[in-house]
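This report concerns only the one structure given below.
What you see is a predicted model, and the numbers here were worked out from it, not measured in a lab. Labels below follow one simple rule: chain letters A, B, ... track the order of the sequence lines, proteins then strands, and each chain is numbered from 1.
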Amino acid sequence: MTSPSTRPVRTRYAPSPTGPQHIGGIHTALFAWLYARRHGGQFILRIEDTDQKRSVPGSVDLILQALDWLGMDIDEGPREGGEFGPYVQSERLALYQTWAAELVERGRAYKCFATPEELAEMRKLGAGYDRRYRDFPADRVSELEAQGLPFVIRFKMPLGGVTIGDDMIRGPVEFDNEQLQDAVLLKSDGYPTYHLAHIVDDHHMRISHVIRAIEWLPSFPLHIQIWRALGWNMPQYAHLPVLLNPNGKGKLSKRKQQFAEADGKNVPVLMHEFIDAGYLPGAVMNFLTNIGWNYGDDVEIFSTAQAIKRFDLKNVSLANSAYPIAKLDWLNSQYIQRAPADELCRLLKPILEAAGYAVDEKRLRQVIPLLRVRLKSTRDVAPMAGFFFADWASFEAPSADILIQRKMNRDSTADVLRGAMPVLQELESFSHDAQHSAVAAYAKTIGYKNGQVFGSLRAAVTGQKVSPPTFETMEILGKKESLRRVKLALQSISDSET
RNA sequence: GGCCCCUUCGUCUAGCGGCCUAGGAUGCCACCCUUUCAAGGUGGAGACACGGGUUCGAGUCCCGUAGGGGCUACCA
């Protein structure tokens, strides 16, 4: 008998292949993964496709893609292989059937011939399955079987007494056995239910810790009884709190994505939505790790490696959490600020290209320092700095409403721009510092605030209401192009005069 | 309905009987900085669901109430 606590740590994520990955599932996977990594154990991916009706093709790729993107490496799974495979339940049917038969043999389970109609009738009466085949005479069972009637195998749940489960997070939890039904273990199509399949697999795959969502807690006693009936050593179980909708009402769903709490913004819920929205994997990991668990020391920003060093199920929160999506934007901007230039370059380039710009990497690298503190998401790069990568020759001067800054009007703007041209023209170095001092001096001479002058120039050369700073931008554009744009701006203003 | 789990600022959370006049973060507001937008800095409003116990002492332990979540399938 190996005591659970001394077994090598092996945790698993066991999703059903029902389509795009939901952030809630990933959150659960993350905690199982963190636990495995914290204890130098293995993390296993197992596909639970025992419901043929719900399986959707391509799901496994989506699951893999999500885990890969976040950097959650898998030790054993359908892609990786491993000595306890196959890791897809539909490929292990014989195993489940064997153990289901074994339980029948041992008198711990029985064949049930109740039809769906009968079951529906019983449900209507309110009490659920009435155990009518639990003590059915053996000869009658053979008779029905001989007639070819379909049947399921049900577990014989103890009729009385209590089952006490030990949850790693909340301690002992007690259940009255009479509350539980005789659950189906093997369906009439020969596929197992979750109840049977996860136990058979967790046993054969040597899982040491079953880390799953709290919705499984009510069936925990059933699982404990099945483990006992099978005569196997149980792994330890931990039931994790789940993500609620941002308003705290109901489990986080992929449907209701509009929430007033999120400023009407579309709330990302599916993994691909995080990728598409321009979040960094590190930020998403940091974000998820901070829900239901915390790093300590009042530290909010930490790497996955740091989290692994401290992660413990003991201080996982007991309560479900409203999905704190607003924090992700903040975290993401923090991650962008700290990201190495190489990484930003790699991330931003395809986004700019997708927006139709031809990206010169050298120029991108010049622009990145200007973007760092301005991007909440990598997506923001195109509207903010796309103009750097557009064809300069076809730059169109902005309209007067963009050019005219606060506390400025048509005439003052034209005067300021016209006067700035020779100042810039005479500069030997076109560095932003040199420009700054020259233009500041110029502003003083003509009696304008820096903001009025700088702002007018900025609008003239960027053509945008919101943009990177003036002189840094002009430095990158170069003297010639900058002056050309100022001239175009003057033209635009005079054209607009009616 | 029955059963199970949960309950600290709007939200994510710290707190594991005295260190709490309850800490951090986000969001919000104000001010500072400032060349737009940001970033950054400073400050502010903001919570122990309620009622009983236990104890010299309760956010921390127990019970109840209320509220929230989940389960109650031949779905996971």
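- At whole-Å resolution of the value, CG in Asp298(A) and C1' in G24(B) are 4 Å apart.
- Spacing of P atoms, C16(B) relative to C74(B), comes out at 46 Å, to the nearest Å.
- Counting only heavy atoms from C-beta on, Gln179(A) has its side chain closest to C3(B) among G40(B), A76(B), C3(B).
- Remark: C1' of U72(B) and CG of Asp182(A) are 14 Å apart, rounded to the nearest angstrom.
- Atoms CG and CG, from Leu457(A) and Leu417(A) in turn, are 5.5 Å apart once rounded to the nearest 0.5 Å.
- Rounded to the nearest Å, the gap between the C1' atom of U34(B) and that of G41(B) is 12 Å.
- Taking the side chain as every heavy atom from C-beta outward, Thr115(A) and Leu149(A) never approach each other to under 4.5 Å.
- One can place CG of Asp329(A) at 11 Å from P of C28(B), the figure rounded to the nearest angstrom.
- Counting non-hydrogen atoms of neighbouring residues, nucleotides and ligands closer than 6.0 angstrom, the CD atom of Glu396(A) reaches no more than 12 such neighbours.
- Where Pro116(A) and Pro324(A) meet RNA chain B, the nucleotide closest to each residue was compared, and Pro324(A) sits on the side nearer the 5' end.
- Remark: P of C12(B) and CG of Leu240(A) are 16 Å apart, rounded to the nearest angstrom.
- Here the separation of G53(B) from A14(B), taken at their C1' atoms, is 28 Å to the nearest Å.
- Using P as the reference atom, A22(B) and U60(B) are 15 Å apart when rounded to the nearest Å.
- Look at OH on Tyr335(A): it is 17 Å from P on A39(B), rounded to the nearest Å.
- Listed nucleotides U7(B), G40(B), C75(B) differ in distance to Lys53(A); the shortest reach to its side chain belongs to C75(B).
- Contact annotation: Thr50(A) side-chain N/O to A76(B) OP1/OP2 distance is under 4.0 Å.
- Side chain Ser321(A) to base C12(B): no donor-acceptor pair is found below 3.5 Å.
- Among A39(B), A25(B), C6(B), the nucleotide with an atom closest to any side-chain atom of Ala319(A) is C6(B).
- Using P as the reference atom, G43(B) and G23(B) are 14 Å apart when rounded to the nearest Å.
- Proximity note for Pro218(A) (side chain, C-beta onward) versus A76(B), U36(B), G70(B): the nearest is G70(B).
- One can place CG of Asn290(A) at 17 Å from P of U11(B), the figure rounded to the nearest angstrom.
- Remark: the separation of the C1' atoms in U26(B) and U65(B) is 33 Å, to the nearest Å.
- Atom CD of Gln405(A) and atom P of C37(B) are 10 Å apart (whole Å).
- Remark: the Gln225(A) side chain and the Thr163(A) side chain contain an N/O donor-acceptor pair separated by less than 3.5 Å.
- You'll find that the side chain of Glu215(A) is closest to G70(B), out of G70(B), C3(B), U35(B).
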| query | Taking protein heavy atoms under 4.0 Å as touching, what does nucleotides 64-69 of chain B look like 5' to 3' if B marks base contact, S marks sugar-phosphate-only contact and - marks none? | reply | ----SS
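- Using a cutoff of 4.0 Å between basic side-chain nitrogens and carboxylate oxygens, Arg108(A) and Glu102(A) are not scored as salt-bridged.
- A donor-acceptor contact closer than 3.5 angstrom links the side chains of Asn286(A) and Tyr335(A).
- Here U36(B) presents its C1' atom at 16 Å from CG of Asp380(A), a figure rounded to the nearest Å.
- One N or O donor and one acceptor, one from the side chain of Arg374(A) and one from the base of C37(B), sit under 3.5 Å apart.
- With sequence neighbours left out, Arg310(A) forms a salt bridge (charged side-chain N to carboxylate O under 4.0 Å, His left out) with Asp297(A).
- Comparing atom distances between the Asn294(A) side chain and each of C4(B), C75(B), U13(B) picks out U13(B) as nearest.
- Nearest-nucleotide mapping onto RNA chain B: of Glu300(A) and Asn450(A), the residue sitting toward the 5' end is Glu300(A).
- Using a 4.0 Å heavy-atom criterion, one finds that Leu119(A) contacts the bases of the nucleic acid, with or without backbone contacts as well.
- Proximity note for Trp330(A) (side chain, C-beta onward) versus C4(B), G27(B), U36(B): the nearest is G27(B).
- Counting all heavy atoms, side chain and backbone alike, Leu222(A) lies closest to Phe155(A) at CD1-CD2, 3.8 Å.
- Within the 4.0 angstrom heavy-atom criterion, no nucleotide atom of any strand lies near Tyr323(A).
- In the model, Gln52(A) has a side-chain atom that pairs as donor or acceptor with a side-chain atom of Tyr191(A) under 3.5 Å.
- When distances are taken from the side chain of Ser317(A) to each of U13(B), U36(B), A76(B), the shortest belongs to U13(B).
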